[in-house]
Amino acid sequence: MADRCAVVGVGQTNHTSCRADVSIAGLVREAVDRALADARISIDDVDAIVIGKAPDMLEGVAMPELWLAEALAAHGKPVFRVHTAGSVGGSTAIVAAQHVMAGIHGTVLTIGFEKQSDGNAMWALSVPIPFGMPVHAGAGGYFSPIVRGYINRSGAPSHIGVMVAVKDRTNACKNPYAHLHEPDWTLEKAMATPMLWDPIRFIETCPSSDGAMALVLMNEERADRHSGPKAWIHGTSMRSEPTAFAGREQVSPRAGELCAEDLWRKAGITNPAKEIDVVEMYVPFAWFEPMWLENLGFAERNQGWRMVEDGLTEMTGSLPVNPSGGVLSTNPIGASGMIRFGEACMQVMGKAGEHQIDGARKAVGHAYGGGSQFFAMWLVSSDKP
Amino acid sequence: MSAQSIGALSGDSFVAPLEVAYPYKRTVGTTLSRFFNSMIEGRLEGTRGSDGKVYCPPAEFDPITGAALTEWVTVGDEGTVSTWAWQSEPQPDQPLDRPFAWALITLDGADVPMLHAVDAGSIDRIGTGTRVKVRWAADRTGGITDIACFDLLEGARA
């Protein structure tokens with residue numbers, strides 16, 4: 001029987017396109033200091049540190065854990081590094097939780113970060129590997145045919161993507177940490193933005209951000225003695241699959257379905273759309289919201305876009321998705337998954353401020369990475385499991 | 001193989017070169033920027049750690065407590081070699097084009113050594129305890145190479 005684990009502290013940077021005022025170390029440290037302050041503990045109370053960031057190509061730093069030890073105040077403590085492409089923020093938080101659940105460490109600090117301004121994600125993700133077709137199109141070029149596949153398969157009308165984008169950009173205006181604060185989008189203006197990777201429009205893409213997220217996790221004994229609000233972890237799951245294989249379902253990868261099924265089983269969820277109060281979902285391109293709604297079991301196949309069109313994923317809907325503004329408004333890639341996981345915690349802790357979903361008791365954090373190959377999820381609640 | 005081929009057969013396997021190169025930048029933040037700016041002015045500054053030790057080049061965060069370091073100390077441009085290695089055949093882009101020493105040099109007023117080059121001339125003129133002095137580069141831009149190298153002080157060998 002695994003130990004119970006709760007998140008007791010959440011801290012993130014003020015995300016923006018270029019944090020010229022801080023080094024990578026200073027960026028990481030800003031999130032760490034805020035998480036420790038939120039948990040009302042000091043670094044001396046932390047038993048172990050789990051750090052995640054990926055891909056290394058984005059900043060050209062292959063082993064940041066080697067020289068971040070000082071900024072993490074890791075002196076004399078174990079440090080672990082996690083690396084699973086864009087899902088890394090989620091899987092890093094899961095590894096941190098597993099250290100607690102396994103009874104190895106009582107208090108664990110975990111951090112995800114990215115300083116995209118020190119490199120160029122578009123080209124870092126477009127390396128022309130010998131013997132492969134050099135597309136030079138970044139993540140958008142990779143995902144656009146998959147988005148078209150979804151549109152064709154589901155019969156979704158063309159405005160669904162911009163509906164998601166306008167929702168997330170509007171939500172982000174309620175989140176002081178979000179990178180983009182753009183209150184004036186309308187569907188008409190959004191539809192008129194340029195087509196970047198047909199059928200993906202400019203408005204439907206994420207920004208490049210500098211940012212970091214840190215969480216403090218405690219075992220049950222310590223969390224019970226901790227007086228602040230807590231986000232109890234009811235389940236975590238991670239699943240993987242290759243980028244390409246014969247018969248692969250690209251629009252709704254099997255690994256994502258398995259990840260969600262495993263999470264629902266562990267957390268005792270039989271009707272996710274009804275039982276989950278809010279979702280922080282990894283949506284770097286707007287069409288992935290309806291796609292993941294189906295992949296994770298919130299909607300039937302080809303029906304996810306109807307939830308968007310009916311406004312169910314708005315903050316006022318029955319299943320709010322990304323009240324923080326999501327990846328579409330803030331994307332420090334190595335941190336983005338942990339921001340989803342941490343924002344889910346903030347919702348059940350009642351700490352989400354203006355983008356708080358009233359009465360949220362069960363929240364899901366979700367991340368994916370690579371060519372939709374790595375999936376990481378957790379379910380947190382204000383109640384003990 | 002045609003001129004257009006990207007690979008070559010090596011035994012039973014195709015092998016192709018993969019050279020990955022594109023520009024990155026590195027943001028040092030406001031703390032370390034003070035150090036690099038001071039070097040443009042021909043001055044060396046370090047930070048004082050929680051145990052009182054002075055780091056030059058400065059530490060941004062205390063290696064022992066993790067605290068952000070904010071107390072600045074101007075250190076001397078002379079120092080003492082604690083250990084060294086001899087570069088008998090200098091490579092392109094190294095600080096000197098004749099044999100020289102790589103040395104860990106603790107500047108006067110600092111407690112933690114920095115790595116730099118010493119223009120010692122010959123291997124028998126440098127050792128632990130040798131006294132050295134900064135030779136500033138003529139054009140300084142805010143980088144560790146603003147120190148061109150270190151020169152031996154008269155009667156340097158301890």
Side-chain angles (χ1 to χ4, degrees), chain A residues 13 16-30 32-33 36 42-46 49 55-62 64 67-77 79 109 114-134 136 210, chain B residues 1-37 46-51 53-72 111-112 114-115 142-144:
Chain A
T13 56
T16 188
S17 57
C18 181
R19 284 293 305 270
D21 59 320
V22 286
S23 61
I24 291 175
L27 185 77
V28 165
R29 187 51 186 271
E30 185 174 301
V32 167
D33 285 346
L36 293 172
S42 85
I43 191 67
D44 296 335
D45 302 314
V46 171
I49 297 169
D56 287 336
M57 286 287 288
L58 295 189
E59 295 119 335
V61 180
W67 51 269
L68 285 177
E70 290 168 4
L72 295 170
H75 177 78
K77 300 178 195 297
V79 173
L109 171 69
E114 194 81 63
K115 205 161 195 300
Q116 284 214 42
S117 66
D118 274 5
N120 184 315
M122 171 75 185
W123 302 117
L125 296 172
S126 304
V127 175
I129 304 296
F131 311 118
M133 176 55 71
H136 291 299
D210 289 356
Chain B
M1 306 303 287
S2 72
Q4 285 77 34
S5 175
I6 58 168
L9 204 56
S10 171
D12 293 333
S13 290
F14 257 81
V15 176
L18 172 58
E19 290 182 20
V20 179
Y22 66 87
Y24 288 101
K25 61 181 180 175
R26 203 57 81 224
T27 314
V28 297
T30 51
T31 300
L32 297 183
S33 291
R34 175 164 169 164
F35 170 70
F36 293 111
N37 276 319
T47 48
R48 191 186 300 281
S50 62
D51 58 356
K53 287 186 172 161
V54 173
Y55 294 82
C56 184
E60 190 174 4
F61 296 97
D62 191 277
I64 297 170
T65 66
L69 296 181
T70 55
E71 184 186 344
W72 287 87
D111 296 287
V112 180
M114 72 156 66
L115 174 67
I144 198 67

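Order of the sequence lines fixes the chain letters, A, B, ..., with proteins taken first and strands second; residue numbering starts at 1 for each chain.
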K.L.:
Would you mind telling me which of A:Cys18, A:Ala74, A:Ala124 has the largest number of heavy-atom pairs within less than 4.5 Å of chain B?
P.N.:
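Of A:Cys18, A:Ala74, A:Ala124, A:Ala124 has the most heavy-atom pairs under 4.5 Å with chain B.
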K.L.:
Is it the side chain or the backbone of A:Leu72 that comes within 4.5 Å of chain B heavy atoms, both, or neither?
P.N.:
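Neither part.
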K.L.:
Keeping B:Arg26 on the side-chain end and A:Glu59 on the backbone end, is there a donor-acceptor pair under 3.5 Å?
P.N.:
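Between the backbone of A:Glu59 and the side chain of B:Arg26 there is a qualifying donor-acceptor contact (under 3.5 Å).
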K.L.:
Among all residues two or more places apart in sequence or in another chain, which pass the side chain to side chain donor-acceptor pair (under 3.5 Å) test with A:Asp21?
P.N.:
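Once residues adjacent in sequence are excluded, the partners of A:Asp21 under the side chain to side chain donor-acceptor pair (under 3.5 Å) criterion are A:Arg19.
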K.L.:
Relative to chain A, which segment of B:Thr65 carries a heavy atom at a distance below 4.5 Å: side chain, backbone, both, or neither?
P.N.:
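The backbone, not the side chain.
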K.L.:
Between A:Asp118, A:Leu58, A:Asn120, which has the largest tally of heavy atom pairs under 4.5 Å with chain B?
P.N.:
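That would be A:Asp118.
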K.L.:
Sort B:Val20 into side chain, backbone, both or neither according to what part of it lies under 4.5 angstrom from a heavy atom of chain A.
P.N.:
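The side chain, not the backbone.
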K.L.:
Closer than 3.5 angstrom, by distance alone: can the side chain of A:Asp45 be matched with the main-chain N or O of A:Ser42 as a donor-acceptor pair?
P.N.:
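Yes, the answer is positive, given that a donor and an acceptor are paired below the 3.5 Å cut-off.
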K.L.:
A:Ala69 versus chain B, heavy atoms under 4.5 Å apart: side chain, backbone, both or neither?
P.N.:
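The answer is neither part of A:Ala69.
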K.L.:
Backbone N or O of B:Thr27 within a donor-acceptor pair of the A:Lys115 side chain at under 3.5 Å?
P.N.:
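A pair under 3.5 Å: no.
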K.L.:
Suppose we screen for side chain to side chain donor-acceptor pair (under 3.5 Å). Which residues come up paired with B:Ser50, at least two apart in sequence or across chains?
P.N.:
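Result, side chain to side chain donor-acceptor pair (under 3.5 Å) vs B:Ser50: B:Asp62.
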